[in-house]
Amino acid sequence: MRSEYQFRDIEKAWQGFWEQNQTFKAQVNPNKPKYYVLDMFPYPSGAGLHVGHPLGYIASDIMARYKRLQGFEVLHPMGFDSFGLPAEQYAIQTGQHPAITTEQNITRYIEQLKNMGFSFDWSREVRTSDPSYYKWTQWIFMQLFNSWYNQDSDKAESIETLKHILAVKGSVGLKAVCEDDVERISAEAWNAMGEEEQYAYLLNFRLAYLDDSVVNWCPQLGTVLANDEVKDGLSERGGYPVEQKKMRQWSMRITAYADRLLRGLEEVDWSDSLKEQQRNWIGKSIGTDVEFAIEGIADKKIKVFTTRVDTIYGVSFMVLAPEHEWVAELTKPAQQVDVDAYITWTKSRSELDRVSEVKTVSGVFTGSYVINPLNNERVPLFLADYVLAGYGTGAVMGVPSGDQRDWNFAKHFDLPIPAILDAQKDIEKQADNTKEGKYINSGIINGMGYKEATDTLIQWLEEKGIGKGKVQYRMRNAVFSRQRYWGEPVPVYFKPTATGQLLPYLIQESELPLELPKIDKYLPTETGEPPLGRAADSWKYQGQYDYEWSTMPGWAGSSWYWYRYMDAQNDAAFASAEAVNYWKAVDLYIGGSEHATGHLLYSRFWNKFLKDLGYVAEEEFAKKLINQGMIQGRSNFVYRVKNTDQVTFVSHGLKDQYDVAALHVDVNIVENDILDVEEFKRSRNDVPADAQFILEDGKYICGWEVEKMSKSKFNVVNPDDLIAKYGADT
RNA sequence: GCGGGUGUGGUGGAAUUGGUAGACAUACCAGACUUAGGAUCUGGCGCCGCGAGGCAUGGGGGUUCGAGUCCCUCCACCCGUACCA
């Protein structure tokens with residue numbers, strides 16, 4: 001009889017006991033203090049659970065067990081973020097419905113997670129792709145559509161309160177977060193509108209709204225690509241050209257919450273680095289909007305945003321984004337050819353390319369001039385792709401003496417570099433962004449210091465009605481449409497007005513969930529519509545109106561899931577008031593830092609919105625957050641001898657005698673650094689059967705190195721294998 | 001490019017304010033015990049050197065009586081960069 005620890009039997013027995021006795025089932029129990037420990041739920045990929053997943057799950061499991069022993073009622077759930085691109089790509093290739101592969105992957109994940117013996121309450125499992133779950137994702141979308149952001153109360157309110165304000169006061173003095181170019185109207189004008197006209201007007205104020213956004217469009221694939229799927233201006237699949245194209249998309253007005261998202265960081269126990277990343281992402285800057293008149297065009301003015309209005313006398317050029325809507329009108333015939341060529345070129349460049357290449361200057365003169373309102377000088381108007389249409393006003397003023405990129409631009413196009421501060425040094429050699437000293441060559445602010453000059457200019461501009469102080473955020477509103485199949489359908493249909501304009505309407509709440517229709521292929525349609533367009537003939541609201549064909553992004557389902565765990569089976573609400581008021585918020589959230597500016601920001605946004613509407617208890621959803629690190633892997637290497645006719649590998653101890661190239665080899669065919677040569681030949685089709693191996697002591701010894709664990713380094717170990725070999729506790 | 005982070009033995013990591021660098025653990029080496037070992041115990045273990053000693057916290061420079069810690073500068077790697085999850 002062997003006396004060693006029989007982990008296979010013992011672990012299996014206890015896991016069975018826990019399941020039968022529901023040992024880890026959580027309940028609303030007002031007699032006990034609660035503790036909510038949450039893991040970032042995984043995407044169920046086809047590769048199965050990676051060893052990186054348990055790294056965080058082990059930490060949270062330790063906390064969950066510890067808190068239970070301390071007498072807390074502990075909520076420690078697990079679920080699956082099961083909508084996403086990989087399942088859709090697989091469906092496109094195989095015709096297999098993504099729901100089927102997703103189901104299989106989840107089954108595997110659950111088996112793996114149970115083998116590890118985590119103390120999850122599996123009765124609360126959620127799956128974002130399950131209609132009983134996405135019913136509530138769609139419901140939240142409906143609430144966002146039915147809301148506007150009132151800056152007076154500093155919260156989201158029902159669109160009904162806006163209707164009331166419009167009927168009584170109109171929108172002239174209304175403080176709402178909305179599109180900049182919304183026409184301001186009087187109460188009389190509002191009341192004189194027809195019902196459809198009023199409805200169309202309200203669309204400008206909703207927190208979920210339609211807007212033009214720039215996307216990566218691949219004409220050959222007929223689809224929109226993620227930046228991730230674009231490499232060097234070509235699609236990763238197929239290598240086709242990708243261009244920047246404007247499309248009508250759903251967006252979420254997250255910018256309405258920018259300031260609250262900043263302030264909320266002060267009350268959460270998250271790492272300083274993570275908070276800093278969010279602050280920088282939101283990017284609050286205080287500056288000034290200034291309007292420049294256009295020479296020869298009386299009815300239009302170009303608006304720029306600047307954080308350094310004090311440098312306005314140093315302006316020697318102006319730059320518009322190539323996508324700016326007035327480009328066609330502002331381009332003179334003599335420059336038309338150059339401008340067209342430049343725009344064509346920028347269309348091939350991703351946003352990341354555009355802002356990251358600062359060494360090379362590119363741009364083109366439009367032939368037009370604007371007028372500096374302070375000194376009435378003519379300022380040449382250029383296009384350059386470092387200016388982004390989606391940020392600020394899509395136009396910037398060029399001040400070469402104070403900004404290095406502007407300085408480079410001015411040198412390249414041989415533009416003047418006027419000095420504006422007596423403290424600026426060597427501006428013929430480089431820009432000097434100092435705010436020190438007194439202004440020179442600067443009209444009404446000559447002799448002043450920075451603060452006085454800024455205040456004087458803002459006051460002057462506001463009096464003349466051509467500028468005003470403004471807070472600008474770097475963060476943009478969040479695009480919410482995806483031209484994909486495997487996501488939540490948007491619960492909207494389109495109905496034409498009397499004039500034929502299509503307006504979006506919500507379906508009835510009682511009609512939720514709006515389930516994904518079955519389609520024959522998962523590709524976009526031949527006319528470039530999203531995949532759901534394939535169901536258009538039969539999939540109609542009340543048999544006559546087209547539904548929205550785009551689906552929601554991956555972040556929709558993950559931006560509220562912690563509430564569903566509180567009351568996962570509830571069919572009447574996303575969670576009952578009783579459950580929400582007991583569990584309140586996540587006490588400890590564990591996951592990767594890569595979610596700093598995506599998931600964690602979107603989730604805070606939706607949480608604040610749900611709080612405004614009174615559906616949840618807390619302003620911040622995760623009180624404490626810990627980022628787990630990454631798993632390192634021990635990589636193995638083989639050494640291929642260079643410049644030989646016959647493919648030859650030399651063992652590690654002898655490699656210095658040859659000219660060799662080190663190649664990663666799969667660690668799963670290496671044991672104690674000894675390579676399984678036969679398996680190596682079998683598993684690699686780039687290694688011929690007659691390959692030579694120069695051995696030492698009859699063995700092929702591999703080299704090794706510690707690196708990030710990743711597929712490309714062939715150093716990934718499978719948790720199943722490790723558990724089978726050593727047991728879950730190990 | 002920009003934002004955030006990390007760099008200390010084979011590995012995970014210690015080192016309170018600037019005051020003995022490498023605690024603790026693991027791996028490895030040698031030995032003991034044992035029917036057996038994925039158990040236990042003992043010793044060794046940053047690098048060079050027989051030794052005395054010298055060198056060493058990504059590289060270079062600086063401040064200081066004294067620097068892993070402070071300053072400057074450079075490098076490498078990781079995360080994010082808005083439709084991967």
Side-chain angles (χ1 to χ4, degrees), chain A residues 1-5 7 40-45 47 50 52-53 55 80-89 128 213-218 223-230 236 242 247 249-252 254-255 270-283 350-360 386 388 390-391 404-405 408 474-484 486-487 530 550-558 591-602 627-634 672-673 703-710 725-727 730:
Chain A
M1 166 113 187
R2 287 158 68 86
S3 61
E4 72 185 45
Y5 176 55
F7 61 81
M40 291 187 186
F41 61 167
Y43 174 78
S45 81
H50 180 278
H53 290 118
L55 178 61
F80 301 94
D81 188 14
S82 49
F83 272 131
L85 259 188
E88 177 159 334
Q89 303 291 12
T128 58
S213 308
V214 177
V215 297
N216 298 311
W217 176 251
C218 180
T223 187
V224 174
L225 299 174
N227 281 339
D228 216 46
E229 301 173 286
V230 183
E236 204 173 33
V242 175
M247 282 182 78
Q249 308 265 291
W250 285 98
S251 283
M252 288 285 166
I254 187 173
T255 52
W270 294 14
S271 74
D272 289 339
S273 64
L274 201 131
K275 290 181 183 181
E276 191 64 10
Q277 284 181 70
Q278 290 209 345
R279 281 190 199 104
N280 290 332
W281 182 264
I282 295 166
S350 75
E351 196 176 291
L352 191 57
D353 291 337
R354 291 170 56 163
V355 293
S356 59
E357 277 178 35
V358 294
K359 283 170 192 151
T360 51
Y386 72 85
L388 302 177
Y391 177 63
Q404 191 58 41
R405 192 161 49 182
N408 294 346
R474 196 188 75 96
M475 179 171 67
R476 307 198 290 258
N477 282 326
V479 180
F480 198 71
S481 292
R482 298 293 182 269
Q483 277 58 45
R484 312 279 186 197
W486 194 229
S550 69
T551 53
M552 298 189 195
W555 58 266
S558 60
S593 62
E594 69 272 22
H595 298 289
T597 55
H599 163 60
L600 289 172
L601 207 53
Y602 295 130
N627 296 127
Q628 87 262 14
M630 70 175 167
I631 295 247
Q632 303 264 77
R634 194 173 182 279
N672 293 330
D673 292 336
W704 63 275
E705 210 173 294
V706 174
E707 299 180 288
K708 180 195 173 186
M709 188 174 281
S710 94
K725 214 166 163 183
Y726 305 108
T730 317

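The structure presented is a predicted model; accordingly, all values stated were derived computationally and were not measured. A, B, ... follow the sequence lines: proteins, then strands. Residue 1 opens every chain.
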*Asks:* Verify side chain to side chain contact (heavy atoms under 4.5 Å, CB included) between A:E229 and A:Q89, making sure each step is shown before the conclusion.
*Replies:* CA-CA 12 Å; A:E229 301 173 286; A:Q89 303 291 12; 3.3 Å; yes

*Asks:* For atom P, what is the distance between B:G62 and B:A67, given to the nearest Å?
*Replies:* 12 Å

*Asks:* Tell me, which stems hold RNA chain B, with a stem being 3 or more Watson-Crick or G-U pairs in a row and both distances under 3.5 Å?
*Replies:* B:1-7 with B:75-81, B:10-12 with B:24-26, B:28-32 with B:40-44, B:46-48 with B:53-55, B:58-62 with B:70-74

*Asks:* Would you say A:R476 places a side-chain N or O within less than 4.0 Å of OP1 or OP2 belonging to B:A82?
*Replies:* no

*Asks:* Can you tell me how far C1' in B:G7 sits from the matching atom in B:U69, rounded to whole Å?
*Replies:* 14 Å

*Asks:* Could you give the distance separating B:G18 and B:C28 at their C1' atoms, to the nearest angstrom?
*Replies:* 36 Å

*Asks:* For residues A:S213 and A:V479, report the shortest heavy-atom separation together with the two atoms involved.
*Replies:* OG-CG2, 3.6 Å

*Asks:* Could you give the CE-to-P distance, from A:M475 to B:G3, as a whole number of Å?
*Replies:* 19 Å

*Asks:* Please give me the minimum heavy-atom distance between A:L225 and A:C218, naming the atom from each residue.
*Replies:* CD1-CB, 3.9 Å

*Asks:* Considering only atom C1', compute the distance from B:G59 to B:G51 and round it to an integer number of Å.
*Replies:* 32 Å

*Asks:* Which atoms form the tightest heavy-atom contact between A:R484 and A:A226, and what is the distance?
*Replies:* NH2-N, 3.8 Å

*Asks:* Take atom P in B:G66 and the same atom in B:A56, then report the distance between them in whole Å.
*Replies:* 15 Å

*Asks:* List for me each residue that meets side chain to side chain contact (heavy atoms under 4.5 Å, CB included) alongside A:Q628, sequence neighbours excluded, and say none if there are none.
*Replies:* A:L55, A:I590

*Asks:* Looking across every strand, which nucleic acid part, if any, lies under 4.0 Å from A:N216 by heavy atom: base, sugar-phosphate, or nothing?
*Replies:* nothing

*Asks:* Between B:C83 atom C1' and A:W486 atom CH2, what is the distance in whole Å?
*Replies:* 18 Å

*Asks:* Answer with base, sugar-phosphate or nothing: what part of the nucleic acid does A:S481 contact at a heavy-atom distance below 4.0 Å?
*Replies:* base

*Asks:* Testing the basics here: between A:R476 and A:T255, what is the closest heavy-atom pair and its distance to 0.1 Å?
*Replies:* C-CG2, 3.8 Å

*Asks:* Mind checking the C1' distance from B:A27 to B:U11? Whole angstroms is fine.
*Replies:* 7 Å

*Asks:* Nearest-Å distance, CZ (A:R634) to P (B:A27)?
*Replies:* 13 Å

*Asks:* Should B:G31 be called syn or anti, with syn set as within 90° of 0?
*Replies:* anti

*Asks:* Reckon A:W555 touches a base, only the sugar-phosphate, or nothing at all at heavy-atom distances under 4.0 Å?
*Replies:* nothing

*Asks:* Select one nucleotide: of B:C79, B:G3, B:C84, the one nearest the side-chain heavy atoms of A:N280.
*Replies:* B:G3

*Asks:* Does A:R482 form a side chain to side chain contact (heavy atoms under 4.5 Å, CB included) with A:V224? I'd like the steps, not just the answer.
*Replies:* CA-CA 8 Å; A:R482 298 293 182 269; A:V224 174; over 6 Å; no

*Asks:* More 5' along RNA chain B: A:Q277 or A:P42, using each one's nearest nucleotide?
*Replies:* A:Q277

*Asks:* When you compare B:A15 with B:A23, how far apart are their P atoms, in angstrom units rounded to a whole number?
*Replies:* 13 Å

*Asks:* Starting at the 5' end of RNA chain B, which residue's closest nucleotide do you reach first, A:N227 or A:P86?
*Replies:* A:N227

*Asks:* Expressed in whole Å, how much space separates the P atoms belonging to B:G43 and B:U20?
*Replies:* 26 Å

*Asks:* Roughly, in whole Å, what's the span from CD in A:E236 to P in B:A85?
*Replies:* 14 Å

*Asks:* Specify the separation, in whole Å, of atom CD of A:E276 and atom P of B:G4.
*Replies:* 6 Å

*Asks:* Is there a side chain to side chain contact (heavy atoms under 4.5 Å, CB included) between A:M252 and A:W555 once you walk through the steps?
*Replies:* CA-CA 12 Å; A:M252 288 285 166; A:W555 58 266; 3.8 Å; yes

*Asks:* Mind calculating the distance between NE2 (A:H595) and C1' (B:G4) to the nearest angstrom?
*Replies:* 15 Å

*Asks:* Which heavy atom in A:G557 sits nearest to a heavy atom in A:F41, and how many Å separate them?
*Replies:* O-CZ, 4.3 Å

*Asks:* Starting from P on B:C84, measure out to OH on A:Y602 and report it in whole angstrom.
*Replies:* 9 Å

*Asks:* Can you tell me how far C1' of B:A85 sits from CD of A:E229, to the nearest Å?
*Replies:* 12 Å

*Asks:* Report yes if a donor N or O on one partner sits less than 3.5 Å from an acceptor N or O on the other, where the partners are the side chain of A:Q249 and the base of B:C83; otherwise report no.
*Replies:* yes

*Asks:* Counting heavy atoms from C-beta on, name the nucleotide in B:U81, B:C83, B:C84 closest to the side chain of A:W281.
*Replies:* B:U81

